[in-house]
Each structure stands twice: as structure tokens, then as C-alpha cells.
Amino acid sequence: MIIHLSKGVGAEEASKLAEKAKAFHIHKGEQQILITSSSVKEVPDFLKGKTDESWVFDNDMQLASKAYIKGTREVTIGNVTIGGDTKNTLLIGGPCSVESESQIRSAAEILKNMGLTTLRGGCYKPRTSPYSFQGLGSEGLQLLVKMREEYGLSVITEVRDATHVDEVIEFSDVVQIGAKAMYDQGILRACAKIKKPVLLKRGFGTTLQEFVQAAEFILSGGNENVILCERGIRTFETKTRFTLDLCGVAYLQEYTNLPVILDPSHALGYAYGVTSLAKACTAMGVDGLIIETHENPKVAKSDASQQLTYDEFAQLYAETSKVAAAVGYKIV
Ligand code: PEP
Ligand code: MN
């Protein structure tokens with residue numbers, strides 16, 4: 001249950017009431033908010049004279065629910081806002097991994113020249129094999145910081161585990177929680193304490209309910225800037241790397257108030273269909289796309305098969321822009 005306390009109740013009193021109600025306590029401006037488990041169906045007696053408005057839910061999709069906030073929440077990344085009434089589809093581009101200064105610089109230059117704003121690049125890579133390239137770690141992060149300073153881009157990079165979550169939070173503009181890391185409580189709780197946007201990717205065996213519950217960990221800690229990312233789930237199909245769950249996207253758009261970004265690169269796993277998929281996603285009026293692109297995909301140290309060349313990426317931008325316009329959106 002979500003309870004908005006009466007206007008006169010201050011933060012200190014709200015915190016004591018939260019303790020008594022075994023509830024989370026967050027505030028939005030002056031508004032003090034308590035969140036209990038969804039099994040609570042009535043405002044407790046001791047809160048009766050102190051409650052403005054309350055919402056009852058049938059499961060623990062609460063703060064993320066459209067039943068609580070009708071539209072889509074706005075999230076601002078650098079000087080671009082998505083969600084709300086913006087009708088912006090943020091096109092994030094860059095390599096799977098930061099590999100060297102010249103490689104990440106080439107991606108930054110491409111984005112800058114195209115008028116795009118947000119550069120991706122993994123530094124702590126959650127690889128399936130210990131023998132594969134694991135990412136440049138801190139060195140990669142500092143290269144992203146350099147690109148932000150030189151090109152004025154926002155940077156997004158992923159957290160692999162809780163040991164370096166504080167470092168990623170400090171240096172990245174958007175914290176990406178990867179598909180394999182999305183259940184990590186250390187990461188979720190650390191991201192709950194900050195205000196920076198968090199891109200939460202859906203695990204490939206994660207139900208929509210579990211996905212949204214992971215987002216609730218971040219929201220209930222007071223970070224409102226959560227973006228969901230559908231990146232493909234595992235099905236019986238083996239010809240493609242994963243299956244992009246557009247039905248799931250429709251569900252998230254209908255029932256949650258969080259912006260949704262689509263990752264066709266990881267879903268398909270091959271460059272050939274990424275642009276088509278990106279167009280299909282754009283047609284759904286999504287809040288963003290995250291696309292892997294590399295100066296020379298053939299020699300990429302991770303996810304070589306799915307990264308677009310810069311020419312292909314430019315083509316994707318041109319084609320998705322037309323689709324976006326047709327549905328009243330704009331690729332930014
Ligand atoms: C990535 O973005 O490079 C990545 C590893 O994604 P995911 O966590 O979705 O597999
Ligand atoms: Mn990748």
C-alpha cells in the first residue's frame with residue numbers, strides 16, 4: 001500500500017510513523033510517502049487522521065504502477081528528457097566494451113557528429129566465460145569520463161557486481177544494471193540511494209513481475225529515475241541469441257509508469273536484423289533504443305557479431321527517425 005501522509009506531517013514524524021508501520025519512507029518535495037507490503041489493504045488506525053490519499057495493490061508492483069502514477073515518469077539524462085509527454089526516443093549508441101581510447105573516441109565522434117547525446121560502453125563486463133575479455137575496468141571508466149568532458153556526451157556503463165558499484169555511480173551519468181546483475185541486492189540497494197538515472201535490464205529468465213519488483217527496490221529507496229530495458233529473453237529458439245519480448249514491452253507500457261528502452265542488439269545477437277528490429281520497437285512509441293556500434297565490429301573484443309558499423313548505425317538513425325515521426329515521436 002502507498003500512503004501519502006497529510007501535508008502537515010514533516011519528515012521526522014513520517015520517519016517514526018514509517019517505523020511503526022514497518023514501511024518504507026520516501027518524500028517527494030514536502031510530500032511524505034509511506035510504502036508497505038501490498039498485503040496491507042487498509043490504512044493502519046494510527047495513521048487514519050494523518051493520511052491524505054492511499055492506494056491499495058494486489059501485488060508488489062506499487063510505485064512503478066500506473067494505478068499510482070497515470071502517465072510515464074520523466075527521466076532526464078544530461079539535457080535530454082524522456083518519458084512524460086516528451087515523445088522522445090533516446091538513441092544511445094556505442095560499443096559493447098570500451099577497448100581503447102582511440103576506439104571509444106571514434107564512437108564519441110560519430111555520436112557528436114550525428115547530434116546524439118548519449119554514449120554507451122561497458123567497462124566491467126559480465127562475461128559468460130572467464131577466458132573472454134573482461135573489460136578495462138577503472139581505466140575504461142576514466143576513458144568514458146574523458147569523452148564526456150571532451151564531447152559533452154552523457155555516458156552510460158554497466159555495473160557487474162557490488163564491489164565497484166560506487167565507482168560506476170561516481171563516474172557514470174546513467175548506471176546500467178545488466179541482465180545478469182539485475183537480481184543483485186547490493187547493486188539494487190546502492191542504486192536506490194542515489195538520484196542518477198538507472199537503466200535496469202531485464203534478466204533473460206526474468207518474469208515481468210520479477211523485473212518490476214527489482215525496479216521497486218530502487219524506487220522504494222527514493223530513486224525515482226528508473227528506466228526499464230527489454231533486451232531479449234531466453235526461449236526454445238536457438239537461431240537468434242534471445243527473443244525480444246515486445247509483448248512484454250506492451251505490458252510494461254500499459255501497467256507501469258517507468259520509461260522503457262529497447263535493446264535489439266543483445267536480443268538478436270546478429271547485426272543483420274538490428275535496424276529492422278529497432279524500427280519495430282520505435283513504432284511502439286518507446287522511450288529509447290540502446291544500440292551497439294563499433295568502428296570495426298569484426299575485431300570487437302565482445303559481442304562482435306551484433307555490433308553495427310558506423311554506416312549501419314547512421315542508417316538505423318535515419319530509418320528509425322522516419323518511423324518515430326510516423327508515430328508522433330522524435331529520435332533524440
Ligand atoms: C551489454 O549491454 O553489453 C550487456 C552485457 O547487456 P546485457 O546485460 O543485456 O546482457
Ligand atoms: Mn554487449
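Quick note: numbers below take in every heavy atom, side chains included, and nothing from hydrogens, waters or symmetry partners. Quick caveat: nothing in here was measured; it's all calculated off a predicted structure. Both ligands and their constituent atoms are indexed starting at 1 by order of listing.
Not one N or O of G178 is nearer than 3.5 Å to an N or O of ligand 1, by distance alone. Considering backbone and side-chain atoms together, K201 places an N or O closer than 3.5 Å to an N or O of ligand 1. Of the N or O atoms in D303, none lie within a sub-3.5 Å distance of an N or O in ligand 1. On a distance-only criterion, R120 and ligand 1 share at least one N/O pair closer than 3.5 Å.
The shortest heavy-atom distance from G122 to ligand 1 is not under 4.0 Å. Using a 4.0 angstrom heavy-atom cutoff, R202 does not count as in contact with ligand 1.
Between K201 and E158 there is no salt bridge, since no side-chain N of the basic residue sits under 4.0 Å from a carboxylate O of the acidic one.
Checked by atom type, the side-chain pair S138/Y124 shows a donor-acceptor distance below 3.5 Å. E237 and T243 form no side-chain donor-acceptor contact under 3.5 Å, judged by distance and modelled atom types alone.
The side-chain heavy atoms of V174 and V75, taken from C-beta on, include no pair separated by under 4.5 Å.
Atom-to-atom distance recorded for F24:CZ and I33:CD1 is 13.5 Å, nearest 0.5 angstrom.
The number of protein N/O/S atoms found under 2.8 Å from the Mn ion (ligand 2) is 4.
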Quick one: side chains of residues 276-287, donor-acceptor pairs under 3.5 Å with protein atoms, not counting sequence neighbours, listed by atom name and distance.
{"residue": "K279", "atom": "NZ", "partner": "E319", "partner atom": "OE1", "Å": "2.6"}
{"residue": "T282", "atom": "OG1", "partner": "A278", "partner atom": "O", "Å": "2.6"}
{"residue": "D287", "atom": "OD2", "partner": "V260", "partner atom": "N", "Å": "2.8"}

